[in-house]
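What follows is a set of notes on a single structure, which appears directly below.
Naming convention: chains lettered A, B, ... in sequence-line order (proteins, then strands); numbering from 1 in each chain.
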Protein chains: 2
Amino acid sequence: MSKEDSPEPPRKAGRPRSEKARAAALAAAYAILKEKGFARVTVEAVASRAGIGKPTIYRHWANARELAMAALMAHGAIQPGKAAQDTADDDPIIALEDQLVAMTARFATPAGRQVALMVAAADSSSELTKSFRNQVIGQSRETARALLTRAVETGRLRADFDMEIALDLLHGPIFYRLLVGHLPLDEGFCRKLISACLRGLEFG
Amino acid sequence: MSKEDSPEPPRKAGRPRSEKARAAALAAAYAILKEKGFARVTVEAVASRAGIGKPTIYRHWANARELAMAALMAHGAIQPGKAAQDTADDDPIIALEDQLVAMTARFATPAGRQVALMVAAADSSSELTKSFRNQVIGQSRETARALLTRAVETGRLRADFDMEIALDLLHGPIFYRLLVGHLPLDEGFCRKLISACLRGLEFG
DNA sequence: TAATTACGTTACGTTGCGTTTCATAATGAG
DNA sequence: CTCATTATGAAACGCAACGTAACGTAATTA
């Protein structure tokens, strides 16, 4: 259920799309992305570097932003790091902390900030955008959701909170500091944030 | 202490900058911003509409983004709404709720989303960006900070939390939903968010 | 073999950028 | 008053990238 990419290849008439050209475009886009940043991933630069034609790129993606998102997804540069699950302590709370700290560290870089910005600025109506959003933010949410659920089941947390709100509570402030940049986004902040989420501001 | 705009006008030699041209640019930029959105605020469009020259615009602002930010600030389109303070209940917690709900309502629009996106995407090294950020997010934070402080003083909240963390806890998730758009950003969310912040996820 | 579709190349028109040049206008200094 | 200084609007520039169209060619199905 994880890969229903092509239910069936209906094999139309005519010359098939070149998978080689597609892969070359993704590779070139990813290379430019890493070397020169998001703004330099232009259709013309990718076409030139990949040795393919511009029209071919437009046959596969709507514009350079979508191509950049596709390149990031294709190269798995957004994966939440399975290390989080390896490090998973018996205590789901500690595991949650570790996972959020790791996620923060991955995003608190110029490249990570660009990825977050791409999510924020992307055209919401595009299917590719939705996939990208799911990879960038959905993954971390699902991991956190599982840990919170386990924490509730083992009696470490109350059970009467709204799960989506809780996830926003944990992730929102990180995203906020990352993009607004009003205050530093470091591990100390991340840990204090989690602590505050758990304890709340009121008297117990 | 609120307007130390020009400590002194050092009156250099030569023709002075045309305040009329400056105002025309800001007005035209704001009009285009409202009518056609942020992306259409180009230096050429503003110059044409304002009846001024492109070089004049570049003499005042570094690029179209900064001009757009300046236009928004000049027209006070970002003010936090003093209504929040008027509505201020005796109970600072209720006042805080009202203020955050009002802020959310203002931002949960296409225009508000654009403003948030401008903050996120702006060049952090620019002074104008910092001013803009202060107007967009600083204002609401200061209001919330005052209310939280009052709530602590009147014994409604614990006093051992980190104020900046608390402010991020309240604002971050709103900003997050606004820009990521994974789930709706409405008043119900806003109120549940505040409730969760106050209570925390742990047992009391 | 014919129809169909994608390929890479090349070229096109468009938009917007940021800069330069120009003659002209407005100010302060001498 | 005259001069140096600086800003103005107008026009034009070269640059980059956009997205599209026109080719002739290659690959595939019917």
Counting distance only, does the side-chain N/O of [X] pair as donor-acceptor with the main-chain N or O of [Y] below 3.5 Å?
X        : Y        : value
A:Ser195 : A:Arg191 : no
A:Thr143 : A:Gln139 : yes
A:Asn63  : A:Glu66  : yes

Rounded to whole Å, please give me the gap between CD1 in B:Ile52 and C1' in C:dA25.
16 Å
Atom-pair distance (NZ on A:Lys20; C1' on C:dC7), nearest Å:
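After rounding, the reported distance stands at 12 Å.
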Which nucleotide, [options], lies nearest any side-chain atom of [X]?
X       : options               : result
A:Pro16 : D:dA27, D:dT8, C:dT9  : D:dA27
B:Pro55 : C:dC7, C:dG18, D:dA11 : D:dA11
A:Thr56 : C:dC7, D:dG19, C:dG18 : C:dC7
A:Tyr58 : D:dC18, C:dC7, C:dC17 : D:dC18

Between OG1 of B:Thr56 and CH2 of B:Trp61, what distance do you get to the nearest 0.5 Å?
9.5 Å
Of residues 39-49 of chain B, the positions that come close to DNA chain C - non-hydrogen atoms, cut-off under 4.0 Å:
B:Thr42, B:Val43, B:Glu44
Check this for me: does the side-chain of A:Arg15 come within 3.5 Å of the base of D:dA26 through a donor and an acceptor?
yes
On a plain distance test, is the side chain of A:Lys54 in donor-acceptor contact with the base of C:dG8 below 3.5 Å?
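When only heavy-atom distances are counted, A:Lys54 does not reach the base of C:dG8 through any donor-acceptor pair under 3.5 Å.
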Test: B:Arg177 cationic atom under 6.0 Å from B:Phe189 six-membered ring centre, within 45° of axis:
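Pair B:Arg177/B:Phe189 counts as cation-pi.
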